[in-house]
Amino acid sequence: MTQIQGRVIFLFIEFKNQVQKVLIAAAVSAGYDIKEEEMSFEVSEHADLATRLAFQLMAQKSGNPAATAKEIVDAISADELKNADLVGKITTQGPYINIFVSDKYLTTTVENVVSEKENYGSGKNTGKILLEHTSANPNGPLHVGHIRNAILGDTLSRILKKAGYDVEVQYYVNDIGRQIAVVSWAASKYPLDMEKKPDYAIVDVYVKANEDIAKDETINEHIEALMKKVENGDKETIESFTGAVDMAVAGISETLLLMNVKHDKFVRESQFIESGAVWDVIDRLDATGKTKDSDGALVVDLSEYGFEKTLVIRRSNGTSLYTTRDLAYHEWKAPQCDRMIDVFGADHKLISGQLRAALQLLGDKTPEVVIFEFVSLPEGSMSTRRGVFITADDLLKQMIDKAYEEIDKRRPEESEEFKKKVARMVGIGSTRYDIIKVSSDKSTVFDWKTALDFEKQGAPFIQYAHARASNILTKAVEDGTIGSDGIGPGFANYTRLIEPQEAALIKKIARFEQLIEESAASLKPHTFAIYARELADSFSQFYRYVPVLNVEDIELKKARLALVYAGKTAIANALSCLGIDAPESM
RNA sequence: GGGCUCGUGGCUUAGCCAGGAUAUAGCGUCGGGCUUCUAACCCGAAUGCCGGGGGUUCGAAUCCUCCCGGGCCCGCCA
């Protein structure tokens with residue numbers, strides 16, 4: 001068994017390994033030819049683990065899967081089974097072989113959570129990951145499309161950390177492109193409303209400027225001139241760009257912080273102009289012989305990577321593009337980490353493929369790209385430029401207000417401070433959960449009615465289960481069953497936990513580590529979000545059917561308290577991975 | 001026009017990559033449950049040609065193919 005700090009890790013996986021060993025031995029002794037890599041298992045409602053092995057092997061003999069399944073199970077040796085201490089019963093049902101966990105599996109799970117506490121569920125992966133997400137242009141506030149990027153990226157970073165990786169999260173700030181030139185021009189023409197949140201002040205003038213440009217194309221000449229000045233290092237122009245960008249970023253940061261989204265670093269594109277890295281990248285691409293002139297612009301041929309169209313890496317006016325600066329950014333990141341992960345919207349599918357191809361052409365490490373499909377409005381797609389968007393702040397505020405109404409209705413006697421705190425936890429949690437639970441490859445249409453009708457069996461449901469567990473534990477401290485040293489290793493005899501709801505909850509808790517592992521490996525956080533809900537579901541059923549505080553038998557009471565503690569801990573750890581606060585009371 | 005992607009009960013959605021046991025769950029609807037640890041809870045019921053056709057297979061929501069519908073993209077925006 002794999003041991004880390006004295007404990008068997010990945011209990012579910014170890015269970016699976018034991019089952020595999022037992023079944024292979026049985027199949028071989030029954031006269032079948034089977035290799036380890038051919039074994040496949042599924043989690044099933046009929047058992048803790050099931051296999052369709054008989055379907056694969058039937059051709060070797062009878063051709064009857066049910067007969068094959070029975071033959072294999074009959075051939076299981078008692079000795080093998082004795083060594084597999086996590087495996088309980090193995091039965092057949094027609095062609096299926098159903099496997100159940102042992103009592104030791106259950107008691108070990110509870111003991112593990114009780115001793116590991118907030119570290120329960122952590123993985124053993126290693127390596128440094130640089131994760132980039134959100135990176136919205138600093139030309140206005142975040143809108144509901146950006147929220148999906150931020151929540152997906154932030155949840156991913158939390159899950160990867162839980163899986164054991166060293167993760168650094170970056171926001172790539174476009175402080176130098178055409179859009180920022182427009183912002184800078186706008187800020188010089190129109191006064192900024194300093195009363196407003198700074199990102200809103202910026203977008204006001206940005207939208208006006210774009211209206212001007214639509215009417216008068218000659219403004220574009222001013223914009224181009226500004227871009228050239230910046231690339232040539234003109235101090236005054238750079239300062240005006242930086243001033244506008246700082247305002248927008250300040251506002252964006254405030255919004256991100258409100259929804260528990262954390263970035264370790266804000267990296268500015270301009271640094272790759274200043275350092276000359278951009279021109280260096282262009283030179284090296286040019287040296288590959290894959291570039292050519294196209295109407296004065298420099299383009300690179302990526303046809304050998306499957307891209308029909310060439311990629312422009314330098315404008316005909318000599319300035320660089322986002323794509324070029326992004327190449328420099330990735331070259332800068334590569335030596336700092338083992339893996340790079342970028343979270344982009346669906347509009348970046350093509351360009352991110354070209355980016356990867358160009359990096360390959362240069363012989364560089366390439367990023368893994370996580371794509372999420374668009375969030376649009378009933379009337380069409382959102383556009384900061386046209387001023388058509390619903391801001392993240394607006395959505396978050398309304399979600400918090402909605403949550404406040406609920407808590408005010410349910411706990412009117414509580415303090416204003418309590419209600420506000422819970423409203424924020426629930427409002428933000430609901431927003432995050434509703435977004436993260438859906439697979440990122442589904443496009444969605446935003447509408448207020450659906451957004452504000454936050455599903456009760458979403459974040460609030462999970463948070464409520466946590467609050468109920470906390471409540472029981474608080475009362476057990478008050479009645480003295482839990483001493484001042486709390487619940488730790490060896491607190492109770494867990495073989496007393498034999499109710500079906502107890503076993504179901506323990507089994508659900510035991511799968512935590514595997515779900516983290518799978519979610520981290522596939523970079524699909526929604527699968528973990530669904531697990532978190534199932535975990536809360538198991539707890540709610542346990543809570544309904546199994547009394548804890550008014551149990552006479554003190555040993556049984558202590559065993560159940562330990563399970564409540566294990567449930568609370570698992571739920572808290574799951575919520576933490578989702579960036580959702582776990583209230584002690586709500 | 002070409003490429004990518006999605007299409008699962010009234011609505012939202014899991015499962016699809018590695019095909020198999022009555023297709024997952026929530027909302028909504030209908031019915032039941034608080035003198036018992038917080039009812040933002042629990043239990044039960046109804047609702048599905050898994051977009052459509054064809055194919056592969058003993059077996060297809062899952063693989064292949066064509067079609068229909070939504071989304072995104074198709075060089076000097078990001």
Side-chain angles (χ1 to χ4, degrees), chain A residues 40 42 44-47 50 52 54-55 58-59 63 65 93-96 98 135-137 139 174 177-180 182 269 294-300 306-326 344-351 353-354 371 373-376 381 384-385 403 406-407 409-411 426 430 434 437-439 441-445 450 453-465 467-476 522 526-527 530 533-534 536-537 540-541 543-551 560 564 585-586:
Chain A
S40 70
E42 62 203 76
S44 156
E45 60 196 291
H46 307 280
R52 305 185 303 259
F55 283 106
M58 64 177 179
Q93 192 166 342
Y96 299 92
N98 289 331
S135 303
N137 281 326
N139 54 12
N174 166 23
R178 189 192 147 77
Q179 300 188 30
I180 304 310
V182 173
E269 272 190 47
S294 174
D295 301 326
L298 187 66
V299 301
V300 55
F307 295 96
E308 272 183 48
K309 306 243 174 156
T310 56
L311 175 68
V312 179
I313 55 172
R314 190 179 62 213
R315 290 193 184 93
S316 47
N317 70 3
T319 56
S320 66
L321 292 93
Y322 157 82
T323 322
T324 333
R325 299 187 292 267
D326 212 15
F344 291 147
D347 53 340
H348 277 61
K349 265 187 227 176
L350 177 62
I351 193 69
Q354 290 173 320
I371 296 287
E373 291 292 333
F374 261 48
V375 180
S376 54
S381 61
T384 305
R385 183 170 48 81
E406 291 293 322
I407 188 72
K409 202 160 61 192
R410 291 162 208 273
R411 307 287 293 276
V426 172
S430 294
D434 284 348
K437 70 168 189 198
V438 179
S439 164
D441 41 37
K442 300 249 186 191
S443 55
T444 59
V445 176
T450 319
D453 176 28
F454 53 67
E455 285 186 23
K456 281 185 291 185
Q457 195 153 12
F461 175 77
I462 306 169
Q463 291 170 313
Y464 189 61
R468 283 171 136 187
S470 302
N471 191 44
I472 292 180
L473 295 170
T474 304
K475 293 202 161 137
S522 62
H526 77 280
T527 54
I530 290 162
R533 202 211 63 227
E534 290 174 358
D537 201 24
S540 295
Q541 287 171 37
Y543 184 94
R544 163 66 182 78
Y545 286 106
V546 184
V548 179
L549 291 175
N550 46 17
V551 172
R560 286 183 178 169
V564 170
S585 174
M586 66 186 270

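Per chain, numbering begins at 1; letters A, B, ... match sequence-line order.
- Here A/Arg411 pairs with A/Glu413, A/Glu414 under the salt bridge (charged side-chain N to carboxylate O under 4.0 Å, His left out) rule; sequence neighbours left out.
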Protein proximity profile, nucleotides 16-23 of chain B - base contact B, sugar-phosphate-only contact S, no contact -, cut-off 4.0 Å on heavy atoms: ----BBB-
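- Atom CG in A/Leu549 sits 5.5 Å away from atom CD1 in A/Ile472 (nearest 0.5 Å).
- Applying the 90° criterion around 0 to the glycosidic angle, B/G59 comes out anti.
- Using Watson-Crick or G-U wobble geometry with both donor-acceptor distances under 3.5 Å, B/C77 finds no partner in any strand shown.
- A 3.5 Å limit on both hydrogen-bonding distances identifies no Watson-Crick or G-U partner for B/C17.
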Return the polar atom pairs (N/O with N/O) between nucleotides 61-63 of chain B and the protein under 3.5 Å, or none.
none

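- In this structure, B/G54 and B/C64 make a Watson-Crick or G-U wobble pair, each of the two defining distances being under 3.5 angstrom.
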Contact letters for nucleotides 69-78 of chain B, in which S counts primed atoms plus P, OP1 and OP2 and B counts the base, heavy atoms under 4.0 Å: -BBSSSBBSB
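- In this structure, CD1 of A/Ile462 is placed 13 Å from P of B/G26, rounded to the nearest angstrom.
- Although no hydrogens or angles enter the test, the distance criterion places a donor-acceptor pair under 3.5 Å between the side chain of A/Arg325 and the main chain of A/Ser320.
- We find that CD of A/Glu406 is positioned 16 Å from P of B/A39, with the value rounded to whole Å.
- Residues forming a ring pair (Phe, Tyr, Trp, His ring centres under 6.0 Å) with A/Tyr543 (at least two apart in sequence, or on another chain): none.
- Rounded to the nearest 0.5 Å, atoms CG (A/Leu350) and NZ (A/Lys309) are 9.5 Å apart.
- Here the P atom of nucleotide B/A39 and the CG atom of A/Asp537 are 16 Å apart, to the nearest Å.
- The side chain to side chain donor-acceptor pair (under 3.5 Å) search around A/Gln541 returns none, not counting sequence neighbours.
- In this structure, B/C4 and B/G71 make a Watson-Crick or G-U wobble pair, each of the two defining distances being under 3.5 angstrom.
- In this view, A/Ala467 and A/Met586 satisfy the side-chain contact (heavy atoms from CB on, under 4.5 Å) rule, not counting sequence neighbours.
- Applying the side-chain contact (heavy atoms from CB on, under 4.5 Å) criterion to A/Val438, with sequence neighbours excluded, gives A/Arg148, A/Lys442.
- Put simply, A/His526 has a side-chain N or O that comes within less than 4.0 Å of OP1 or OP2 on B/G15.
- Taking atom OH of A/Tyr543 as the reference point, atom C1' of B/A40 lies 12 Å away to the nearest angstrom.
- Residues satisfying the side chain to side chain donor-acceptor pair (under 3.5 Å) test with A/Thr319, not counting sequence neighbours, are A/Arg315, A/Asn317.
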Extract from the structure each pairing of a protein N or O with an N or O of nucleotides 29-36 of chain B at less than 3.5 Å, listing the distance.
from  : atom 1 : to       : atom 2 : distance (Å)
B/U36 : O2'    : A/Asn550 : ND2    : 3.3

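- Here CD1 of A/Ile180 is found 5.5 Å from CG of A/Asn139. Values are rounded to the nearest 0.5 Å.
- A search for side-chain contact (heavy atoms from CB on, under 4.5 Å) contacts involving A/Asp347 returns A/Phe374, not counting sequence neighbours.
- For the C1' atom pair drawn from B/C43 and B/G54, the interatomic distance equals 45 Å after rounding to whole Å.
- Scored by the side-chain contact (heavy atoms from CB on, under 4.5 Å) test, A/Phe55 finds A/Arg52, A/Pro65, A/Pro95, A/Tyr96 as partners (sequence neighbours excluded).
- For the side chain to side chain contact (heavy atoms under 4.5 Å, CB included) with A/Val300, the lone residue among A/Thr323, A/Val312, A/Leu311 that qualifies is A/Leu311.
- Both A/Thr527 and A/Ala467 lie close to RNA chain B; mapped to their nearest nucleotides by heavy-atom distance, the more 5′-ward contact belongs to A/Thr527.
- Note that CG of A/Leu298 is 4.0 Å distant from CD1 of A/Ile313, once rounded to the nearest 0.5 Å.
- The pairing partner recorded for B/A25 is B/U12, the criterion being a Watson-Crick or G-U wobble arrangement whose two distances lie under 3.5 angstrom.
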